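Data block below; observations after.
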Amino acid sequence: DGVTEVLAHRSDNLQDKFIEIPCSEDYDSHKRFEGCTPRKCGRGVTDAVITREEAERIRRIAERGLSLGGSDGGASILDLHSGALSLGKHFVNLYRYFGDKIQDIFTEEDFALYRDVRHRIQERIAQAFGIRSVSMYLTKPTFFSRINSTEAKTTHDEYWHPHVDKVTYGSFDYTSLLYLSDYADDFGGGRFIFMDVGSNKTIEPRAGRVSFFTSGSENLHRVEKVHWGTRYAITISFTCNPDHGIGDPVLT
């Protein structure tokens, strides 16, 4: 594991922290979109975009949705865009499976808050990387995650493996995470780790904290196993390719 440096402590209240790093060659094997495809790469952390109160409201949306299902293992997801919901060892489509009952779980206000939060994160990423936010498109998968210490039952539960988002998903150019619970208060373990040559750079989750980064192998990363408690977050991903864009979720 080598040397570990903490980029963001749980107790920090960071306005804006940004570290520029050289871009990998991952983007060269995909179509480039001028004014969006990363030429400046790096990673950032901010506690100034989403308030703790907003994060708590967002977490309640996740809790209500995940109360309808949940994985048998330690990692459950809820995707409001596609409707994917962990259920046992599989996934179901939330909207088809529960039908009109969805109206009793979520409100229009919930989805409006979700869209607003997504928009503010997109604007912050665009600002940090010097691109226009209109050149970025939301892409899939964008989802809530709930992680606890339950033993993994399927490969979907094994969230802790090192990976590169651009390699795993292809469409990703910029990745963000909005944390919805607090490291050391709500859960143990579960820190986010950038795996650099010779050292690890960790982010300790804090409700309302946003971490964001270019999605290539310059930002190889993993999540520590959660040892106790429950860790909530949202992964919100963006692409420069409009063909891979998705719309905001709507409550129909």
Side-chain angles (χ1 to χ4, degrees), residues 7-8 14-50 77 79-82 84 111-145 162-179 192-197 201 203 208-223 233-250:
L7 291 183
L14 299 170
Q15 281 298 110
D16 288 297
K17 184 170 188 172
F18 184 78
I19 299 162
E20 187 170 351
I21 53 178
C23 291
S24 66
E25 297 177 355
D26 296 351
Y27 309 98
D28 297 340
S29 58
H30 296 264
K31 183 179 178 181
R32 297 192 72 91
F33 292 85
E34 201 55 45
C36 181
T37 298
R39 293 195 179 279
K40 169 185 176 180
C41 292
R43 54 188 70 149
V45 189
T46 177
D47 296 313
V49 174
I50 310 300
I77 73 157
D79 184 335
L80 292 180
H81 302 266
S82 69
F111 278 56
L113 175 62
Y114 182 95
R115 290 191 295 268
D116 180 47
V117 163
R118 187 277 300 171
H119 179 74
R120 277 185 272 157
I121 291 171
Q122 183 170 343
E123 291 289 336
R124 179 65 194 93
I125 293 172
Q127 180 187 1
F129 290 102
I131 60 177
R132 297 171 64 223
S133 65
V134 294
S135 300
M136 301 164 63
Y137 302 88
L138 197 64
T139 193
K140 61 183 180 183
T142 284
F143 57 93
F144 289 103
S145 59
H163 64 279
V164 172
D165 290 345
K166 188 75 181 163
V167 174
T168 303
Y169 300 113
S171 63
F172 282 32
D173 290 303
Y174 300 93
T175 307
S176 72
L177 290 135
L178 167 59
Y179 299 107
F192 185 95
I193 302 173
F194 290 110
M195 302 177 68
D196 295 341
V197 175
K201 309 289 198 307
I203 294 173
R209 171 165 289 168
V210 176
S211 66
F212 58 91
F213 48 93
T214 45
S215 305
S217 52
E218 68 277 0
N219 282 312
L220 173 69
H221 61 274
R222 68 182 181 92
V223 173
I234 316 178
T235 298
I236 302 176
S237 41
F238 298 96
T239 183
C240 296
N241 188 340
D243 292 341
H244 294 145
I246 61 172
D248 283 308
V250 290

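Index from 1, following the sequence. Bear in mind that the values here come from a model prediction, so they are computed numbers and not experimental data.
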- Query: Run the side chain to side chain contact (heavy atoms under 4.5 Å, CB included) check on T235 and L177 step by step: do they pass?
  - Reply: CA-CA 5 Å; T235 298; L177 290 135; 3.4 Å; yes
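- Within the cation-pi definition used here (under 6.0 Å to the ring centroid, within 45° of the axis), R43 qualifies as a partner of F194.
- Between T37 and C240, the shortest heavy-atom distance links the atoms N-SG, 3.3 Å.
- No side-chain donor-acceptor contact under 3.5 Å links T175 to the backbone of S215.
- Each of K31, K166, R39 was compared with D173 under the salt bridge (Lys or Arg N to Asp or Glu O under 4.0 Å) criterion, and only K166 meets it.
- Closest non-hydrogen pair, I125 versus S176, comes out as CD1-CB, 3.9 Å.
- Residue A8 comes nearest to V45 through the heavy atom pair CB-CG1, 3.9 Å, listed as atom of the first residue, atom of the second, then distance.
- To the nearest 0.5 Å, atom OG of residue S133 and atom CD1 of residue I121 are 13.0 Å apart.
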- Worked check of side chain to side chain contact (heavy atoms under 4.5 Å, CB included) between V210 and R120: CA-CA 11 Å; V210 176; R120 277 185 272 157; over 6 Å; no
- L178 vs V49, side chain to side chain contact (heavy atoms under 4.5 Å, CB included): CA-CA, chis, key distance, verdict: CA-CA 10 Å; L178 167 59; V49 174; over 6 Å; no
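- Note: M195 CE to H221 NE2 = 10.5 Å, rounded to the nearest 0.5 Å.
- One finds the OH atom of Y27 at 4.0 Å from the OG1 atom of T214 (value rounded to the nearest 0.5 Å).
- E218 places no side-chain N or O within donor-acceptor distance of the main-chain N or O of C41, the cut-off being under 3.5 Å.
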- Message: Between S237 and T142, does the side-chain hydrogen bond (donor to acceptor under 3.5 Å, both in side chains) criterion hold? Intermediate values first, please.
- Response: CA-CA 6 Å; S237 41; T142 284; 3.0 Å; yes
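- Within a 6.0 Å sphere centred on NZ of K140, other residues, nucleotides and ligands contribute 12 heavy atoms or fewer.
- Under the rule for a side chain to side chain contact (heavy atoms under 4.5 Å, CB included), the partners of D28 that lie at least two apart in sequence or sit in another chain are E25, R32.
- Closest approach of S171 and H244 over heavy atoms only: CB-ND1, 3.6 Å.
- Note that OG1 of T239 is 10.5 Å distant from CD1 of I246, once rounded to the nearest 0.5 Å.
- The heavy-atom pair separating M136 from A126 by the smallest distance is SD-CB, 3.9 Å.
- Aromatic rings of F213 and F192 (six-membered ring for Trp) have centroids within the 6.0 Å cut-off, being under it.
- The ring-ring contact (aromatic ring centres under 6.0 Å, His included) test with H81 singles out one residue from Y114, F111, F144, and that residue is Y114.
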- Message: Is there a side chain to side chain contact (heavy atoms under 4.5 Å, CB included) between Q127 and D16? Walk through the geometry before answering.
- Response: CA-CA 11 Å; Q127 180 187 1; D16 288 297; 6.0 Å; no
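- Here CG of L220 is found 10.0 Å from CG of D165. Values are rounded to the nearest 0.5 Å.
- Closest approach of C36 to S135, counting heavy atoms only: SG-O, 3.4 Å.
- Residues passing the side chain to side chain contact (heavy atoms under 4.5 Å, CB included) test with A112, sequence neighbours excluded: R115.
- Judged as a ring-ring contact (aromatic ring centres under 6.0 Å, His included), the pairs with a partner in residues 115-140 (not counting sequence neighbours) are, in order, F18-F129, F129-Y174.
- Distance check: R118 CZ to F238 CZ gives 6.0 Å after rounding to the nearest 0.5 Å.
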